[in-house]
Structure formats: structure tokens, C-alpha cells
Colleague: 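Structure provided below as C-alpha cells; questions to follow.
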Amino acid sequence: MKFLPIHGLLALASLSVACLLPEERKNDGVRQVTRRQVGNGTPVGTGDRFRGGATAPRGLGTQSMTFSTLLNVNEIKSGLQGLVNAYGIETFETPYKTYEGARIIGAKVGGSGGNCTDAYRVFFNGNIHARERGSADNVLYFISDLLYADKNNIGLTYGSKTYTSAQVKTALSAGIVFIPLSNPDGVDYDQRTNSCWRKNRKPAGSAVGIDLNRNFDFLWDFTTTFAPNVQSTVGSTRPSSETYHGTSPFSEPETRSIKWVMDTYSKVRWFIDLHSFAGDVLHSWGSDENQSKYSYMNFMNSSYDSVRGILTDTPGSGRGYGEYTPTKESEVNVGAARRMGSAMSTAGGRSYTVMQSSALYPTSGASDDYAYSRHFADPSLNLIHAYTVEFGFGNTAASCPFYPSVSQFNANIKATNAGFMEFLLAAVEYGLGDKSTC
Ligand SMILES: *[C@@H]1O[C@H](CO)[C@@H](O)[C@H](O)[C@H]1NC(C)=O
Ligand SMILES: *[C@@H]1O[C@H](CO)[C@@H](O)[C@H](O)[C@H]1NC(C)=O
Ligand SMILES: *[C@@H]1O[C@H](CO)[C@@H](O)[C@H](O)[C@H]1NC(C)=O
Ligand SMILES: [Zn+2]
């Protein structure tokens, strides 16, 4: 980012920037970097605090302390191993290797346990955007808290938001699969270079990196499927852009891995992709405003290609377009988002806004839209209520605003973890889909 005078920085912090900075949204997503090194926020941990898994992580809901460093890439792995050793949970590797040869690792907890894939109904995904520091930490610490609280029959406390031991057990009963670090190459690079790196690390022409959150199979080919005047903001075909969408949908091992989880744990009903730093809980859709009146007006209907993504039109009037969602599903989409946003605000740190994804800015190829679109595109697939959660603050004192200060990092953990807890309880109440046959 450019160095801005202090009033400019404060203005930046209050903009709804989400994962893209204002100067990246202009100019087809290409960043004009003139960074001034003013510190990098919370330092990345050195060494391995979990000693190869000999120690299990514990979050901020079961103890009162302050984390002074971020987890490094190796610690995210050894922390997961620590949970395996302490609680006997099972991990999985997706079948795809990243460009740099890393495996994407996840784990499953709760439900009826074991190897029955149908037991898992909620999926948390972390750090698909590399520079959004703390995303993986938030996921790993939350699961650690759940397991610790369950084992010791205690509750959880995040700021002024508290949950009972019984609620912990209810939350776990949903069955959770999670990938703390879905972009390991990108995060490793960002942690080594402090370069505000967003994408993965696969070479693309003379540039490097694909924006994984534009690479999913949902209206991916935006030069065809979106209105000409919004195309430059929904994604990019230029490899140098921060929103470069790759050569085809699911061209990347990281996005294929997330699809693999949804295919393998095919009863997943609820999905959160965790981002920073707008302070938003976003529900479907991200392509255009939602509407429940016209079922044929949807992402599969090419007769709307030339008008999709325009938010100022009125669906059903003239060429106006809105993305279809049945009223019942929409109520659940919005209801669970509101509960999550309210818990996140109560946990302290900052207040969270609940809105539709497209209200931030319309996008193509995003993970949440892909997840929610699956059952429309193929009715044999499970309905997934899908969300993008944008935690945190812009750190105006760091070289990259996505790098939180120590106090922001800790506040973010409490906010997201309260949100996750509330989300699991909402999921159980709204419904987890078919009764498990496990
Ligand atoms: C699940 O499958 C893995 C790999 O086949 C095996 O190592 C593990 O023991 C199984 N767990 C249970 C609970 O059956
Ligand atoms: C669309 O989203 C808004 C929130 O942005 C929500 O209040 C509304 O109920 C949704 N409408 C439909 C028709 O789904
Ligand atoms: C697509 O939308 C048009 C209206 O623009 C409608 O006439 C047509 O039936 C729709 N196609 C499908 C497959 O629903
Ligand atoms: Zn992001």
C-alpha cells in the first residue's frame, strides 16, 4: 500500500475494504506498491511452541492470557499434531499437492466420530488469502478450546460472551471438519517476506500467484457471465492482478482441496471461509443482490450474462437481475449470520456488520458462492449454507494493513471464536440435514 498521511490511514480503516485494498480494487486489481516499512504487527513465532505435537494448543476461551506471536506454518502443523496426541482426533490430507509440494491438511472433530464421513456437518476453512494473518490461528485455537472444554467439562468465555459446558457438547455434536491453512505456500512466503502476499505461489506467465478466492467454479468466466461495466471489479484475467482468477475453474490444488472436502464429507451443511479485515459476516450471494421471486433468474441462466453484477437495478424490472435464493433458505442464511455477527460484536474488539456478500462488492469464483451454488447446479448435492467472515481491523501501523497488532490479534481470536461457537449452535438449531446413518 501507499503510505498515507494519518487522516488517510484512519479513513482506510473505516472503509469496507474486506480482502482488497482500495488501490487494488481500482486498476484491475494491480497493487501500486510503494510500501514504507513501519513494522509488521504481531511477530511470527520462531521455533515450535508445540514441540512436534508433544504439547497441544489451547485457545483464549479456556484460559486468560495474551498470545504475543502468530503461529508459523510449521507450528500450525505441529499444533494439529498436538491435538491428535492429546485428544485422539483424526487428520486428513487432501489428494492435491501445492506448487511448492505442500499438502493441505485438515482434521475432524465431534459428530459421532470416527471414519464415517456423513457425521461431519460444519466446515471451517482458514487462510485462503495468505496475508490475512491470524486466520489459521483463529481456527486452530477454536478447535483446541472446544476439545479442552469438552474433555474437562467446562464452558468457554470470549470477552463478555460465555458458553456453558453443555453448549460446548452441543456444538461438537454437529461434527466439524476444518482446514486451518488452505494456502500453505502463500502463508509461508508472506511470513518469510512480509510482502502483504494474498495469492498462492504458482507461476503465472511473468507473474506469480492465483487469487484462490476467484478460482472456484461459480460464474468463474466473468468476462462472459458479468455485465461489462462490473467485470474489472469481480475478478481479473491478468496474472499480475491481486484478483487473477487462474486458467480455469479449480485450476489450483488449494481450491480443488476445498471442493474435495465438500465432496468427501458430502453431508456438510454449513461452511465458513475465514478472511480479514472488514468486520463483516457475509451471507449469500456474492454475484448480485438476492431475490426470491424468480427462480429462473440465476447463475445458470446465460440470458442474464450481460446484466449480472449490477447492484442498482431492480430484479424483474426491465433487464434487472438478482440471484435466486428460496425464501426459506434465505431466512436461514441471514438468521445464522445475524447470530454470528452479534456474538462476535459481544466478544469485544469491534462491532460486526451482517450483510450480503455482494453488498461489499460483487465477485466471481468465490468459495462461499461455490459452496452455496452446489445444490442448485446439481440437486443430488447437499445444500450448504455458506459464509465469508471478515474478522478484524486494518492495522494502520503495519507495513501491510492485514497484519494485526498484538492486541488486535488477540481480540480477533476472541471475536471469531465466539462467532464460530454461536454458528455451531445456530447450525444445530436450524438443522444439520439428514439424520446421520453413522
Ligand atoms: C480411520 O481410518 C484411518 C485410516 O484408514 C485409520 O488409521 C483409523 O484408525 C480409523 N479410525 C477409526 C476410528 O476407525
Ligand atoms: C437478501 O439479503 C438481505 C440482507 O442483505 C436479507 O435481509 C433479505 O431477507 C434477503 N432477501 C431475499 C429475498 O432473500
Ligand atoms: C432464463 O431466463 C429467461 C428470461 O430472461 C427465461 O425466459 C428462461 O426460461 C430462463 N431459462 C431457464 C433455463 O430457466
Ligand atoms: Zn480474504
Side-chain angles (χ1 to χ4, degrees), residues 16-22 24-25 29 31 124-139 179-183 186-187 190 196-200 209-216 219 225 227 234-236 241-245 252 254-255 258 271-282 286 288 291 293-308 310 313-324 326 357 360-361 363-370 376-379 386-395 400-404 412 416:
S16 270
V17 297
C19 305
L20 281 174
L21 299 172
E24 294 170 341
R25 289 189 56 205
R31 191 151 37 109
F124 294 109
N125 189 59
N127 247 142
I128 196 169
H129 283 147
R131 66 192 180 184
E132 295 167 10
R133 289 190 175 177
S135 185
D137 312 56
N138 292 340
V139 173
I179 295 179
L181 182 57
S182 55
N183 181 5
V187 171
D190 183 67
C196 212
W197 192 260
R198 165 181 165 97
K199 303 187 284 181
N200 73 0
I210 285 84
D211 183 357
L212 299 173
N213 207 30
R214 297 293 181 279
N215 188 243
F216 288 82
L219 298 170
T225 55
V234 302
S236 179
S241 169
E242 294 294 341
T243 57
Y244 175 50
H245 72 164
E252 304 312 298
E254 295 88 348
T255 51
I258 291 166
F271 172 66
I272 291 182
D273 200 13
L274 188 61
H275 293 253
S276 69
F277 59 84
D280 290 327
V281 174
L282 306 173
D288 207 312
Q291 55 84 16
K293 274 194 196 148
Y294 315 99
S295 61
Y296 55 83
M297 189 184 284
N298 64 53
F299 63 96
M300 292 173 285
N301 192 329
S302 57
S303 76
Y304 295 102
D305 282 354
S306 62
V307 293
R308 196 174 284 110
I310 301 168
D313 59 12
T314 307
S317 147
R319 295 291 296 145
Y321 179 80
E323 198 67 55
Y324 177 67
S357 292
L360 198 53
Y361 43 76
T363 51
S364 137
S367 65
D368 53 353
D369 279 339
Y370 168 70
F376 293 105
D378 177 354
Y387 302 83
T388 292
V389 173
E390 290 270 349
F391 66 82
F393 313 80
N395 185 1
C400 169
F402 297 89
Y403 298 170
N412 293 343
T416 58

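Both backbone and side-chain heavy atoms feed into the values below; hydrogens, waters and symmetry mates do not. Quantities reported herein were computed from a predicted structural model and do not represent experimental measurements. Order of listing sets the numbers, starting from 1, for every ligand and every atom in it.
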Colleague: Identify the protein heavy atom lying closest to atom 13 (C) of ligand 3, giving its residue, its atom name and the separation to 0.1 Å.
Modeller: N301 ND2, 4.6 Å
Colleague: Closer than 2.8 Å to the Zn ion (ligand 4): does that hold for any N, O or S atom in E132?
Modeller: yes
Colleague: Can you tell me if N200 and E252 form a side-chain donor-acceptor pair at under 3.5 Å?
Modeller: yes
Colleague: What protein heavy atom is closest to atom 4 (C) of ligand 3, reported as residue, atom name and distance in Å?
Modeller: Y304 OH, 3.3 Å
Colleague: Taking N or O atoms only and a 3.5 Å limit, does Y296 qualify as a polar contact for ligand 3?
Modeller: no
Colleague: What's the separation between atom OG in S135 and atom CZ in F402, rounded to the nearest 0.5 Å?
Modeller: 12.0 Å
Colleague: The Zn ion (ligand 4) is nearest to which N, O or S atom of H129?
Modeller: ND1
Colleague: Identify, by name, the N, O or S atom of H275 lying closest to the Zn ion (ligand 4).
Modeller: ND1
Colleague: Side chains of S357 and D368: do they bring a donor and an acceptor to under 3.5 Å?
Modeller: yes
Colleague: Is there a protein heavy atom at a distance of less than 4.0 Å from atom 9 (O) of ligand 3?
Modeller: no
Colleague: Is it true that R198 and D211 make a salt bridge, defined as a side-chain N closer than 4.0 Å to a carboxylate O?
Modeller: yes
Colleague: Could you walk me through whether Y304 and Y321 pass ring pair (Phe, Tyr, Trp, His ring centres under 6.0 Å), step by step?
Modeller: CA-CA 7 Å; Y304 295 102; Y321 179 80; 5.1 Å; yes
Colleague: Please check if any side-chain donor atom of T388 sits under 3.5 Å from a side-chain acceptor atom of D273, or the reverse.
Modeller: no
Colleague: Is it the case that ligand 3 has an N or O less than 3.5 angstrom from some N or O of S303?
Modeller: yes
